[in-house]
There are 2 protein chains.
Amino acid sequence: MDKTELFNHFLAEKSLKKTQGRDNIVKTAASMKGHFDAEQLLSAVKKKDSKISRASVYRTLPLLVKAELVKESIQKDGRRIYEFSQGHGHHDHMLCVQCGEIIEFRDDVIEQRQKQIAEKYNFKMTDHRLEIRGLCSKCTP
Amino acid sequence: MDKTELFNHFLAEKSLKKTQGRDNIVKTAASMKGHFDAEQLLSAVKKKDSKISRASVYRTLPLLVKAELVKESIQKDGRRIYEFSQGHGHHDHMLCVQCGEIIEFRDDVIEQRQKQIAEKYNFKMTDHRLEIRGLCSKCTP
DNA sequence: TTGCAAATGAGACTCAATATCAATACGGAG
DNA sequence: CTCCGTATTGATATTGAGTCTCATTTGCAA
């Protein structure tokens with residue numbers, strides 16, 4: 001079952017309507033390489049459907065997140081950054097403050113440790129975000 | 001050497017001027033308990049100096065961050081949250097999405113692990129932020 | 001096919017944060 | 001201590017991401 005179909009199922013489950021706009025948005029999101037923000041997605045969708053409105057993209061993004069097709073990634077200069085879930089599971093990010101590159105990594109020790117900490121505080125973790133800022137290897141003098 | 005004096009040294013080093021406004025802002029920031037955003041700091045400073053402008057607070061906050069007297073904490077509803085560095089060192093945050101409570105914690109295993117990860121990628125870490133979202137013990141059904 | 005609720009497009013609106021700019025105040029030179 | 005150039009300030013305009021509104025359109029169940 002491909003991503004578009006998954007989204008259709010999601011819509012059906014929630015009694016939401018399958019529309020041309022939503023379809024274009026999922027398809028486009030799925031074709032985005034790497035990380036993107038709402039405006040970038042909007043421009044991309046506009047290439048297929050120049051009539052799509054900013055509001056539709058902003059309205060559909062949370063749906064894609066709920067459907068787990070898209071993940072909210074880090075925040076960059078106050079902008080929300082997203083990424084399409086390519087099935088490669090949870091990971092964290094390093095952000096180069098110089099060139100803006102985003103490097104993904106995953107560390108099970110940290111993952112495990114977070115669970116333990118949440119438990120210790122009786123905190124029911126639904127989400128977590130680890131962001132390392134600094135200079136990537138290319139930008140280090 | 002107290003915090004205000006530290007800031008004066010910072011200003012001198014950077015050839016910035018010591019002004020009444022900046023002084024009120026540091027002193028007020030130092031008196032803030034827990035986490036605060038720019039608007040809260042502004043209202044607090046206004047109690048001492050009703051003429052202080054929003055711009056001055058927004059201009060001074062980055063200075064306080066550079067002087068390491070204030071830390072940028074998490075983002076909450078698109079607002080930037082700060083906290084005065086009470087000398088209790090680095091820590092991370094859990095944010096209750098229900099009641100908004102912010103719980104601080106510190107875990108050396110995670111800290112250590114982050115360093116190792118950054119090294120592995122030849123990434124020069126300057127800062128990092130771990131944010132666990134979910135429900136605090138009070139808000140868990 | 002029809003009826004009506006859901007969804008859309010266009011643009012107004014919000015709100016944090018930044019930029020502008022004339023007036024003011026700091027602090028080094030004298 | 002006084003004067004002067006420049007950093008800083010206050011007031012306000014502007015930006016920009018994100019949200020809201022509402023008349024119009026569209027999907028879909030009957």
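Quick note on labels: first sequence line is chain A, next is B, and so on, each numbered from 1.
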Next on the checklist: Once you apply a heavy-atom cut-off of 4.0 Å, does B:R54 come out as touching a base, just sugar-phosphate, or nothing?
Outcome noted: nothing
Checklist entry - Between C:dG27 atom P and B:D23 atom CG, what is the distance in whole Å? => result 11 Å
Checklist entry - Between D:dG10 and B:S56, is there an OP1 or OP2 to side-chain N/O distance shorter than 4.0 Å? => result yes
Checklist entry - To 10°, what angle do the rotation axes through the five end pairs on each side of the helix from C:dT1-D:dA30 to C:dG30-D:dC1 form? => result 30°
Item to check | A:T60 side chain vs A:V57 backbone, donor-acceptor pair below 3.5 Å | outcome: no
Next on the checklist: The criterion is side-chain hydrogen bond (donor to acceptor under 3.5 Å, both in side chains); which residues satisfy it with B:E111, sequence neighbours excluded?
Outcome noted: B:H90, B:H128
Item to check | Passing option when A:S73 is tested against A:H91, A:H93, A:E104 for side-chain hydrogen bond (donor to acceptor under 3.5 Å, both in side chains) | outcome: A:H93
Item to check | A:R113 with B:D107: basic N within carboxylate O range, under 4.0 Å | outcome: yes
Item to check | Contact under 4.0 Å: B:R79 side-chain N or O vs C:dC15 OP1/OP2 | outcome: no
Next on the checklist: What's B:R80 touching, base or sugar-phosphate or nothing? Going by heavy atoms closer than 4.0 Å.
Outcome noted: sugar-phosphate
Checklist entry - Under the 3.5 Å rule, do the base of D:dG10 and the side chain of B:R59 count as making a donor-acceptor pair? => result yes
Item to check | D:dT19 phosphate, OP1 or OP2, under 4.0 Å from A:Y58 side-chain N/O | outcome: no
Checklist entry - salt bridge (charged side-chain N to carboxylate O under 4.0 Å, His left out) between A:R133 and A:E131: does it pass, once the steps are laid out? => result CA-CA 6 Å; A:R133 288 168 174 267; A:E131 193 182 323; 3.0 Å; yes
Item to check | Residue that, paired with B:E39, satisfies salt bridge (charged side-chain N to carboxylate O under 4.0 Å, His left out) out of B:R54, B:R79, B:R80 | outcome: B:R54
Checklist outcome for this item: Which of D:dT8, C:dG9, C:dA5 is nearest the side chain of A:K17? It is C:dA5
Checklist entry - So which nucleotide from C:dT20, C:dA10, D:dG27 ends up closest to the side chain of A:A55? => result C:dA10
